[in-house]
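Labels below follow one simple rule: chain letters A, B, ... track the order of the sequence lines, proteins then strands, and each chain is numbered from 1. Every heavy atom of this structure was used, including side-chain atoms; hydrogens, water molecules and symmetry mates were not.
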Amino acid sequence: MGQYLVVNHPQYGLTPLTIVEVEAYTNNDPACHANGYTAKTAPKRALNLFGAPGTGYVYLIYGMYHCLNVITEPKGTAGAVLFRGVVDTNSDGPFVGTNLIGPGRLCRDVGITTAQHNGVMLTKQDAGLYLATSVQGPTEEEHINTTPRIGIQHAKDYPWRWIDTRYLKK
DNA sequence: GCTGGGATTCGCT
DNA sequence: GCGAATCCCAGCC
C-alpha cells in the first residue's frame, strides 16, 4: 500500500501509479483459485499462483475483465495480492483526477492482459509493468482500513482487504 | 462433449 | 437493484 505500480502507457510512457486498494489470497484460503490444489495438480489458470515471489498472476474474470495479482509466497506455496485500486499522483500523468478503483477497471484502463502480463516478473522492468518504491513511502497505518474481501463466495469473513481511507470510504 | 459459475463493471430501471 | 457482456476450464455425463 502506497508503493508504485509502474505501467507503460502508450502515450505517456512509464507511469507510476500509487497503490490504494489490495486484497490478499493465500494457501489454504477457500477463496483462492489455488485452494485444494498443489503446484502439480493446479489448473493451468492458477499455475502462476505457485510461482516465485514477484511473479505477476493475471486472469480473466467473467469473460470480460482482467485482474492483476503479484505472488507473495515462496515458490511452491500459493499466495498473492490482488491489486484492486490505484491513483495517479503525477502532476501531468494520464490518469490525473481519475482514481482507478476496481480490479477490472484498473487492468482495462492501463492495458493489462493475460496475454501480455501473466507470468511476468514484476520485480524487473523489462515487461513494462513492475513494482517500485514510491517517493512518499508506504501508506501510514492511520490512513488504512481493513474489510472483508469483495465479490467472493467463500471465506467472506476474512478481513484481508486493505483500503486507503483517503480514496475509499468502505 | 456439454454446462455452469466466477476475486466485475456499467447502464438502465 | 438487476441483468448483460463474455471466456476459461472443472466437473459431470
Without decimals, in angstroms, what is the distance between [X] [atom1] and [N] [atom2]?
X	N	atom1	atom2	value
A/R161	B/dA7	CZ	P	15 Å
A/H66	C/dC7	NE2	P	10 Å
A/L49	B/dA7	CG	C1'	11 Å
A/N99	B/dT9	CG	P	14 Å
A/D157	B/dA7	CG	C1'	16 Å
A/Q153	B/dG5	CD	C1'	9 Å
A/R149	B/dG6	CZ	C1'	14 Å
A/E21	B/dT8	CD	C1'	12 Å

Please state whether the phosphate of [N], meaning OP1 or OP2, lies under 4.0 angstrom from any side-chain nitrogen or oxygen of [X].
X	N	value
A/H33	B/dA7	yes
A/R108	B/dC10	yes
A/R105	B/dC10	yes

Task: A/H143 atom NE2: more than 12 heavy-atom contacts under 6.0 Å - done: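 Counting other residues, nucleotides and ligands, NE2 of A/H143 exceeds 12 neighbours.
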Task: Shortest side-chain distance from A/M64, nucleotide among C/dC9, C/dA5, B/dT8 - done: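 Selected nucleotide: C/dA5.
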Task: Closest nucleotide among C/dC9, B/dA7, B/dT8 to the A/P43 side chain - done: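 So the nucleotide nearest the side chain must be C/dC9.
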What contact category does [X] fall into here, base, sugar-phosphate, or nothing, at under 4.0 angstrom with non-hydrogen atoms?
X	value
A/Y158	nothing
A/L82	base
A/G63	base

Open item on the list: Can you say whether a donor on the side chain of A/Y59 sits under 3.5 Å from an acceptor on the base of B/dA7, or the other way round?
Closed with: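 Such a pair is found, so the answer is yes.
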Task: Inter-nucleotide C1' distance (C/dC9, B/dT9), Å rounded - done: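 Per the computed distance, 22 Å lies between those C1' atoms.
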Task: Integer angstrom distance from the C1' of C/dC8 to that of B/dC10 - done: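 These two C1' atoms come out 22 Å apart once rounded.
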- [ ] Identify which one of A/D88, A/N90, A/T89 satisfies the side-chain hydrogen bond (donor to acceptor under 3.5 Å, both in side chains) criterion when paired with A/T18.
- [x]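 Filter result, single survivor: A/T89.
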- [ ] Determine if A/Y25 stacks with B/dA7; use a centre-to-centre distance below 5.5 Å and an interplanar angle below 30° as the criteria.
- [x]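 So yes, this residue stacks on that base, both cut-offs being met.
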TODO: Please determine if A/R166 and A/D164 form a salt bridge, counting it only when a charged side-chain N lies under 4.0 Å from a carboxylate O.
DONE: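 A salt bridge links A/R166 with A/D164.
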- [ ] Could you walk me through whether A/F83 and A/V70 pass side chain to side chain contact (heavy atoms under 4.5 Å, CB included), step by step?
- [x] CA-CA 8 Å; A/F83 296 102; A/V70 60; 3.7 Å; yes
